[in-house]
Amino acid sequence: MAQTPNLLLQNLRIVTATEIAPSSVSIRIKNGVISQISADLTPESDETVQNFNGAYVSGGWMDMHVHLREPGFEHKETIETGCKAAAFGGFTAVACMPNTNPPIHTRDVVEYIIKKASTLPVDVHPIACVSKDRKGHSITEMADLKEGGAVAFSDDGDPVFDAKLMRIALDYASMLDMPIINHEEDLALSRPGHMHEGKVSTRLGLAGTPSIAEEVMIARDILLAELTGGHVHVAHISTRNGVDLVRQARKKGINVTTEVCPHHFDLTEEEIEKREFDTNCKMHPPLRTADDIQAMIEGLADGTIDVICTDHAPHALEEKEVEFIYAPNGILGLETAWGVSVRCLLDSGALTLHQLIDKLCDKPREILRLDVPKVAVGETANLTIFNTDARWEFTPAHIKSKSVNTPYVGTTMHGKALAIYNKGQLVIND
């Protein structure tokens with residue numbers, strides 16, 4: 001990617017987590033640093049000029065829950081293709097989950113990922129394993145993983161099922177001031193579920209995963225966080241009772257945060273029936289009920305849910321083109337997150353624009369103890385440029401991932417990420 005260190009971005013409205021600027025400005029970037037912000041900047045001879053015609057600009061967005069698949073599963077996704085999908089979706093940073101091969105359970109794997117991403121316009125922050133080989137038996141060398149660049153710990157794809165191991169992990173992680181991100185699932189209750197357990201699963205004759213399987217583990221982890229003082233981050237929350245558990249824990253001052261994916265505040269279990277067992281609607285946690293969707297929106301609005309993430313989970317075409325019960329869980333999410341969020345949350349009036357930016361830019365980094373980018377003079381330029389009024393159909397041509405497993409092809413998106421600028425590189429989306 002070519003460097004664009006000297007740049008004049010014209011006609012932009014700045015949005016932060018607390019306010020929206022009343023009028024447009026131009027932003028001058030010199031050697032990757034914001035040097036001037038003013039309404040009346042004129043181009044200089046050594047700079048590239050880009051006019052965005054009244055679009056918005058914020059600090060660069062972050063998706064704190066993605067699967068980049070590298071190392072080991074490069075037939076699904078690579079660090080490079082995953083970052084292309086992230087840039088198209090408006091993200092200047094991602095945190096990648098450790099269910100790779102080898103898993104991100106030793107410092108060399110952490111450093112390998114960081115090095116592979118070093119020249120790309122998207123920052124990649126590895127999340128290391130809680131347990132060695134993600135097998136849930138013994139703890140990883142957490143301090144060494146942090147020194148290598150890991151930003152959190154998780155066995156995502158599988159829960160930390162052993163309560164004693166989770167307690168020890170929280171003790172160690174709290175000493176390092178890092179969160180444990182847990183895939184909340186009681187395996188004894190959930191398996192062999194292929195969708196949400198309810199009327200639709202009964203009608204379709206599919207084994208279901210009940211909401212209680214998620215909620216029991218959330219409750220356990222909240223109690224362990226209270227005991228240890230550690231920070232539990234609930235991954236991809238999906239049930240009403242789960243949100244209520246987090247809400248009550250936070251009222252008690254327990255250190256618990258959580259995230260939700262766009263598909264969990266947009267699509268219900270009924271999609272599986274409507275689309276005749278389309279495996280692109282199979283994910284874990286599964287699509288749930290309309291009431292659960294409402295609970296996700298309520299949780300976002302009142303601050304119980306801190307972050308919007310995607311759980312971007314690429315799978316090769318041949319892996320998804322099988323009978324529903326044999327298909328792997330997961331869908332793409334990076335390319336469609338903004339368009340779904342605007343439609344479901346902003347256009348409906350559930351959230352304000354600055355609330356959305358808080359959940360996409362500030363909160364993920366605060367949870368991971370990373371610096372939040374600011375649109376201010378003297379700051380390193382880390383920017384997302386976007387609109388909220390565009391209406392466009394998501395087609396296969398918009399998929400930048402190496403895989404194509406998404407239920408959103410043919411869907412009308414509301415709002416578009418127009419460009420990102422990070423690490424001295426401008427990426428304009430087509």
Side-chain angles (χ1 to χ4, degrees), residues 1-5 31-33 60-134 140-157 173 176-179 181 309-314 334 364-365 367-373 380-384 400-403 420-427:
M1 182 69 65
Q3 294 282 316
T4 318
N31 296 315
V33 176
W61 303 342
M62 180 176 193
D63 187 341
M64 66 174 288
H65 191 142
V66 305
H67 300 268
L68 295 182
R69 303 303 191 197
E70 187 177 358
F73 303 106
E74 289 86 353
H75 66 289
K76 302 172 187 269
E77 190 80 285
T78 65
I79 292 167
E80 183 177 4
T81 59
C83 286
K84 285 180 179 178
F88 182 83
F91 297 96
T92 65
V94 297
C96 59
M97 286 295 174
N99 52 343
T100 52
N101 186 25
I104 310 176
H105 64 166
T106 53
R107 181 170 177 168
D108 60 320
V109 184
V110 174
E111 292 174 342
Y112 165 82
I113 291 168
I114 292 171
K115 184 177 180 180
K116 284 280 287 189
S118 61
T119 61
L120 301 175
V122 175
D123 300 316
V124 176
H125 301 280
I127 294 171
C129 298
V130 172
S131 65
K132 294 176 182 177
D133 286 313
R134 295 176 51 250
T140 54
E141 299 290 341
M142 288 184 165
D144 195 42
L145 289 161
K146 179 179 180 177
E147 284 193 16
V151 295
F153 302 102
S154 180
D155 279 352
D156 190 65
L176 297 170
D177 188 31
M178 296 172 74
I181 303 171
C309 69
T310 69
D311 194 12
H312 178 83
L334 286 163
R365 291 181 174 91
I367 288 167
L368 298 176
R369 284 66 161 173
L370 299 169
D371 292 336
V372 177
T380 299
N382 183 339
L383 310 171
T384 298
K400 308 303 177 184
S401 171
K402 194 170 184 177
S403 297
I420 64 165
Y421 185 92
N422 188 37
K423 293 197 278 190
Q425 301 175 59
L426 176 68
V427 181

Separation between [atom1] of [X] and [atom2] of [Y], rounded to the nearest 0.5 Å:
X: Ile104; Y: Leu145; atom1: CD1; atom2: CG; value: 9.5 Å
X: Asn422; Y: Thr380; atom1: CG; atom2: OG1; value: 9.0 Å
X: His105; Y: Asp133; atom1: NE2; atom2: CG; value: 5.0 Å
X: Thr140; Y: Lys146; atom1: OG1; atom2: NZ; value: 13.5 Å
X: Lys76; Y: Glu70; atom1: NZ; atom2: CD; value: 14.0 Å

Show the nearest heavy-atom pair for residues [X] and [Y], with the distance to one decimal.
X: Ser401; Y: Pro314; result: OG-CB, 4.0 Å
X: Pro121; Y: Ile420; result: O-CD1, 4.1 Å
X: Leu68; Y: Gly82; result: CD2-CA, 3.8 Å
X: Phe91; Y: Thr310; result: CZ-CG2, 4.5 Å
X: Gly32; Y: Tyr421; result: CA-OH, 3.7 Å
X: Ala152; Y: Leu368; result: CB-CD2, 3.8 Å

Please check this pair: side chain of [X] against backbone of [Y], looking for a donor-acceptor N/O pair closer than 3.5 Å.
X: Lys400; Y: Ala86; value: no
X: Thr92; Y: Asn382; value: no
X: Lys116; Y: Ile79; value: no
X: Glu77; Y: Lys402; value: yes
X: Gln425; Y: Thr119; value: yes
X: Glu74; Y: Gly72; value: yes
X: Arg134; Y: Lys132; value: no
X: Asn31; Y: Pro5; value: no

Is there a side-chain contact between [X] and [Y] in this structure, where contact means two heavy atoms from C-beta onward sitting under 4.5 Å apart?
X: Phe88; Y: Leu334; result: no
X: Asp311; Y: His67; result: yes
X: Val124; Y: Ile114; result: no
X: Arg69; Y: Asn99; result: yes
X: Arg365; Y: Pro373; result: yes
X: His65; Y: Pro364; result: no
X: Leu370; Y: Val151; result: yes
X: Ile181; Y: Met97; result: yes

Inspect the surroundings of CD in Glu111 and state if more than 12 heavy atoms from other residues, nucleotides or ligands are less than 6.0 Å away. yes

Asp371 atom CG, neighbour heavy-atom count above 12 within 6.0 Å: no

In Asp155, Val109, Thr100, Thr106, the residue satisfying side chain to side chain contact (heavy atoms under 4.5 Å, CB included) with Cys129 is Asp155

Working note: His312 + Val94, criterion side-chain contact (heavy atoms from CB on, under 4.5 Å); need CA distance, chi angles, decisive distance, verdict. CA-CA 10 Å; His312 178 83; Val94 297; over 6 Å; no

Could you walk me through whether Met178 and Met142 pass the side-chain contact (heavy atoms from CB on, under 4.5 Å) test, one step at a time? CA-CA 10 Å; Met178 296 172 74; Met142 288 184 165; over 6 Å; no

Does Glu147 form a salt bridge (Lys or Arg N to Asp or Glu O under 4.0 Å) with Arg107? I'd like the steps, not just the answer. CA-CA 8 Å; Glu147 284 193 16; Arg107 181 170 177 168; 3.5 Å; yes

